[in-house]
K.L.:
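One structure is given below, represented as structure tokens, and several questions about it will come after.
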Amino acid sequence: MSIPPPLDAAPEQRLHPWSWLFVLLMQLRQGLVPLIALVVFGQRGDRDEFWLSIGPVIAVVVLVAYSVLQYLTYRYRIGATAITVRSGVFARNRREIPFARIHNVVVHQNPLHRLFGVAELKLESAGGNRPEAEMRVLKLDQALALERLVRQRGQAAPAGGEAALAEPAEDVLLALGPGEVIRIGLLSNRGWVVVVAVLGAMLQLFPRGSVSDVIEAGGRQAFGYASHLHPGMWLWAIAAVLAVAGFWVLLRVLSVVLALLRYYGFRLSEHERRLTVASGLLTRMRTSVARRRIQAWTLRETALQRWFQRRQLRIDIAAGNPGEGERRDLRELAPLATPAVCDGLVQHLLPHLQWPPARWQPVQRRGWWRLCLGALCVVPLLSAGAIWYGGPWGALLLLWLPWSAFRAHRQMDRIGYHLDDDYVAVRGGWWQRWWRFAELDKLQALRLTRSPLDRRLGTASVWLDTAGAGMGTPLVLQYLPEAEARAVYEQLGRALAKRRLRW
């Protein structure tokens with residue numbers, strides 16, 4: 001079943017015949033915990049055992065019927081300028097999705113999709129946390145053809161044939177080999193995700209207190225065995241170092257495994273001013289967005305990445321934020337690359353900008369202590385409590401104060417901003433450094449704020465809002481003298497009044 005030419009009178013099409021199976025699996029995954037609870041905890045008491053045993057079967061039958069009905073009632077039509085989707089089992093819905101309004105196209109393939117030769121397609125527009133349309137599932141060639149049709153903005157798609165369904169030529173901007181993907185894992189702390197998930201699962205699955213009892217009993221047994229060996233202080237120190245080193249190696253291994261699962265085969269390509277990112281080892285993800293939909297840019301590097309001359313490039317796009325557990329690979333144009341490669345990508349995609357800026361405007365340093373104000377308030381209290389319960393050794397916590405002061409000094413030294421006729425940029429951080437910038441045409445709102453501490457120090461902050469901004473680093477010019485902040489606010493206000501918003 002191939003996609004017909006995009007005519008307004010084009011016939012409606014169904015999803016893949018196995019679509020109902022994938023919808024059923026998704027619903028079973030979401031309802032797995034209630035079903036287990038019904039089977040396990042429903043046996044308690046003097047309830048009718050027949051209904052307790054037949055209840056889960058009835059629930060599965062209902063889910064199968066609902067999945068089949070969803071497949072039978074889902075239709076889509078490809079028009080000249082829009083896609084029409086009709087769906088709903090009891091409440092019927094009809095959605096018109098213009099091609100020009102589609103900001104992001106996601107083609108998703110997990111191992112089961114790849115076994116059946118199908119893919120899940122999502123069409124996203126600006127705003128909202130849910131896609132405009134979710135097609136579970138289409139043949140892989142159909143999904144790629146529909147993605148290409150969106151990229152061509154309503155131009156006629158090729159009609160059938162292997163050559164017609166072949167991918168058009170694309171310019172590869174960045175490709176990561178297995179070695180670079182392994183380096184991503186080695187230079188990140190993704191392994192903590194697995195450790196925290198395992199601990200959370202253990203606390204949920206095992207009775208309360210049993211995990212701590214096992215750890216305590218194992219610790220006592222190990223300590224008792226070691227005490228019989230009469231080790232010296234240096235042996236205890238070596239054992240502690242080996243334990244820390246072993247745990248660190250385990251974290252690195254887990255981080256490498258997660259990096260391979262997510263970024264294996266990473267490729268950033270460009271075709272007709274549209275960017276496409278494809279990656280994944282078991283689950284393949286292919287996302288596509290027009291370059292003009294990019295709202296803001298973020299460069300970030302940790303201390304470990306900086307030592308190895310690596311950093312990452314992320315973007316904000318005018319589309320809904322991914323839901324819990326969803327991937328959004330297109331937000332990472334470069335998961336890990338050299339500074340020269342990252343700057344080259346920015347210069348290629350934004351040729352009218354001068355990046356990096358020739359000069360950064362610094363901020364006043366006399367208020368550096370505000371960056372360690374939290375430590376100045378909390379650490380003495382924690383140290384006093386530690387001394388009360390643990391004796392003089394608790395005073396060691398006060399050593400955190402000079403480190404906090406040193407870090408605050410270095411952070412204030414790096415804070416700066418750049419503003420010209422085309423874009424605004426801010427930078428910050430010291431141990432973990434970041435740069436964030438956006439074109440003036442993409443700014444949507446301005447805010448001038450002054451906290452009580454700002455009023456005391458005579459400073460202010462200018463907050464800049466763009467579409468698609470997540471919960472990460474905000475685009476804000478902080479700790480400016482009040483007169484300078486008001487001048488920047490008025491300058492940006494005049495620039496925004498003369499420009500048309502592009503998103």
Side-chain angles (χ1 to χ4, degrees), residues 81 98-104 124-128 153 270 272-275 289-299 313-321 331 333 343 345-364 415-428 434-451 454 458-470 472-503:
T81 59
F99 288 109
R101 300 295 182 184
I102 298 175
H103 287 206
N104 189 24
E124 299 177 339
S125 64
R153 298 189 178 280
E270 180 185 22
E272 297 181 354
R273 299 186 63 80
R274 194 172 186 89
L275 299 177
V289 71
R291 280 171 48 175
R292 66 187 180 90
R293 302 300 188 188
I294 300 176
Q295 305 297 302
W297 307 69
T298 303
L299 287 161
L313 173 62
R314 297 174 59 88
I315 58 172
D316 296 339
I317 58 176
N321 293 323
R331 292 193 182 273
L333 294 189
D343 292 342
L345 284 175
V346 174
Q347 292 169 1
H348 172 76
L349 298 175
L350 299 174
H352 58 287
L353 301 188
Q354 179 187 357
W355 181 264
R359 181 177 179 272
W360 291 91
Q361 184 69 28
V363 299
Q364 291 183 352
I415 294 177
Y417 72 93
H418 172 82
L419 176 62
D420 60 21
D421 295 334
D422 296 315
Y423 75 108
V424 58
V426 295
R427 72 175 186 180
W434 54 265
W435 300 258
R436 186 163 170 81
F437 58 97
E439 300 171 86
L440 298 187
D441 295 339
K442 303 301 178 68
L443 300 182
Q444 293 189 332
L446 305 174
R447 285 185 293 143
L448 180 69
T449 62
R450 300 190 71 205
S451 66
D454 284 322
T459 58
S461 298
V462 181
W463 293 75
L464 314 175
D465 294 333
T466 59
T473 305
L475 187 60
V476 54
L477 283 62
Q478 289 182 298
Y479 314 133
L480 304 182
E482 182 182 1
E484 183 179 352
R486 293 190 181 277
V488 169
Y489 180 81
E490 293 175 0
Q491 178 182 350
L492 287 173
R494 291 192 298 268
L496 266 62
K498 297 177 182 179
R499 294 170 178 263
R500 181 180 179 182
L501 178 65
R502 295 190 302 112
W503 68 319

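Residue numbers run from 1 in the order of the sequence given. Just so it is clear, the structure is predicted and the values come from calculations on it, not from any experiment.
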K.L.:
For Leu275 and Arg291, which heavy atoms make the closest approach, and how far apart are they?
P.N.:
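Looks like CG-CG, 3.7 Å.
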K.L.:
Going from CD on Gln491 to CG on Asp420, what distance comes out if it is rounded to the nearest 0.5 angstrom?
P.N.:
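Those atoms lie 9.0 Å apart.
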K.L.:
Would you name the heavy atoms of Arg436 and Thr473 that are closest together and state the gap between them?
P.N.:
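For Arg436 versus Thr473, the nearest heavy atoms are NE-O, 2.9 Å.
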K.L.:
Enter the distance from Gln478:CD to Trp463:CH2 here, rounded to the nearest 0.5 Å.
P.N.:
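Interatomic distance, Gln478 CD to Trp463 CH2, rounded to 0.5 Å: 6.0 Å.
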K.L.:
Rounded to the nearest 0.5 Å, how far does CD of Glu270 lie from NE2 of His348?
P.N.:
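These two atoms lie 4.0 Å from each other.
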K.L.:
Rounded at 0.5 Å granularity, tell me how far CD in Gln361 sits from CD1 in Ile415.
P.N.:
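Those atoms lie 13.5 Å apart.
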K.L.:
Should Ser461 and Thr449 count as side-chain neighbours, where that means a heavy-atom distance under 4.5 Å?
P.N.:
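Result yes, sub-4.5 Å side-chain heavy-atom pair found.
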K.L.:
Rounded to the nearest 0.5 Å, what separates atom CG in Asp422 from atom CG in Leu350?
P.N.:
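With rounding to 0.5 Å, CG (Asp422) is 10.0 Å from CG (Leu350).
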K.L.:
So does Lys442 get a backbone contact from the side chain of Gln444, meaning a donor-acceptor N/O pair under 3.5 Å?
P.N.:
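Checking the backbone N and O of Lys442 against the side chain of Gln444, no donor-acceptor pair under 3.5 Å is found.
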K.L.:
Looking at every non-hydrogen atom in both residues, tell me the closest pair between Gln354 and Ala358 and how far apart they are.
P.N.:
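Nearest heavy atoms, Gln354 then Ala358: NE2-CB, 3.7 Å.
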K.L.:
Any side-chain heavy atom of Val488 sitting closer than 4.5 Å to one from Val424?
P.N.:
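Heavy-atom side-chain distance check fails, nothing below 4.5 Å.
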K.L.:
Show your reasoning for whether side-chain contact (heavy atoms from CB on, under 4.5 Å) applies to Leu419 and Leu440.
P.N.:
CA-CA 9 Å; Leu419 176 62; Leu440 298 187; 4.3 Å; yes
K.L.:
Can you tell me how far apart CD1 (Ile294) and CD1 (Ile317) are? Round to the nearest 0.5 Å.
P.N.:
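Separation between the atoms: 8.5 Å.
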K.L.:
For the pair Tyr423 and His418, name the ring-plane relationship: parallel under 30°, tilted 30 to 60°, perpendicular over 60°.
P.N.:
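Rings of Tyr423 and His418: tilted, as their planes differ by 30° to 60°.
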K.L.:
Report the residue from Phe437, Trp435, Trp297 that forms a ring-ring contact (aromatic ring centres under 6.0 Å, His included) with Trp355.
P.N.:
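Answer to the ring-ring contact (aromatic ring centres under 6.0 Å, His included) test with Trp355 among Phe437, Trp435, Trp297: Phe437.
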K.L.:
Please list, chain by chain and in numerical order, all residues satisfying salt bridge (charged side-chain N to carboxylate O under 4.0 Å, His left out) with Arg427, sequence neighbours excluded.
P.N.:
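Salt bridge (charged side-chain N to carboxylate O under 4.0 Å, His left out) check on Arg427 returns nothing, list empty.
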K.L.:
Are any of the side-chain nitrogens in Arg486 or Glu482 under 4.0 Å away from the carboxylate oxygens of its partner?
P.N.:
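Answer for the salt bridge query: yes.
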K.L.:
Can you confirm whether Leu446 sits close enough to Leu464 that some side-chain heavy atom of one is under 4.5 Å from a side-chain heavy atom of the other?
P.N.:
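Contact flag for Leu446/Leu464 side chains = yes.
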K.L.:
Looking at every heavy atom in both Glu439 and Leu353, which two are closest together, and how far apart are they?
P.N.:
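Heavy atoms of Glu439 and Leu353 come nearest at CG-CD1, 4.3 Å.
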K.L.:
Taking all non-hydrogen atoms of both residues into account, name the closest pair between Val426 and Val476 and its distance.
P.N.:
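Between these two residues, the closest heavy atoms are CG1-O, 3.5 Å.
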K.L.:
Salt-bridged, Arg292 to Asp441, with N to O below 4.0 Å?
P.N.:
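No salt bridge links Arg292 with Asp441.
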K.L.:
Within the structure provided, determine whether Leu349 and Leu333 are in side-chain contact (heavy-atom separation under 4.5 Å).
P.N.:
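Yes. Closest side-chain heavy atoms under 4.5 Å.
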K.L.:
For the pair Arg293 and Asn104, evaluate side-chain contact (heavy atoms from CB on, under 4.5 Å) and give the outcome as yes or no after the intermediate values.
P.N.:
CA-CA 9 Å; Arg293 302 300 188 188; Asn104 189 24; over 6 Å; no
K.L.:
Identify the heavy atoms of Arg447 and Asp465 that sit nearest to each other, and give their distance.
P.N.:
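Taking every non-hydrogen atom into account, NE-OD2, 4.0 Å.
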